[in-house]
Amino acid sequence: MSVDQERVTDDDGPADEISTATLVGYAAAAFALVGWFFFGWLVQRQGFVASVGETAGAAFGLLLAVSVIGTFRRDRR
């Protein structure tokens with residue numbers, strides 16, 4: 001028994017380039033999250049696990065914001 005399959009591609013063209021400003025923003029956000037972790041762990045002395053959890057929550061919130069903004073920007077095109 002054989003099944004003929006056609007290859008389906010979803011190529012609308014080349015992917016959008018990531019701008020330098022976007023990369024700088026991502027790097028600044030990563031730096032801020034690492035700083036937030038060390039601030040909570042070493043300055044506030046709230047414990048390693050609590051600092052990791054707080055930083056992870058902030059990172060997920062930031063990812064949600066980036067996703068929503070990206071969706072609105074892509075919808076405008």
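Keep in mind the model is a prediction, meaning the values are calculated, not measured.
To the nearest 0.5 Å, atoms CG (Leu23) and CD (Glu17) are separated by 10.0 Å.
The cluster map of Ile, Leu, Val, Met, Phe, Trp and Tyr, joined by side-chain heavy atoms under 4.5 Å apart, puts Phe72 and Val66 in different clusters. Tracing side-chain contacts under 4.5 Å through hydrophobic residues (I, L, V, M, F, W, Y), one reaches Leu42 starting from Phe37; they form part of the same cluster. No single ILVMFWY cluster, assembled from side-chain heavy atoms under 4.5 Å apart, contains both Val34 and Trp36.
The neighbour count for Ile18 CD1, taken as heavy atoms of other residues, nucleotides or ligands under 6.0 Å away, does not exceed 12.
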- For Phe60 and Leu63, what are the C-alpha separation, side-chain angles and deciding distance, and is it a side-chain contact (heavy atoms from CB on, under 4.5 Å)? CA-CA 5 Å; Phe60 285 127; Leu63 286 173; 4.3 Å; yes
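Contact between Leu33 and Thr55 at its shortest, heavy atoms only, is O-CG2, 3.5 Å. In terms of heavy atoms, Gly40 sits closest to Ser51 at C-OG, 3.2 Å.
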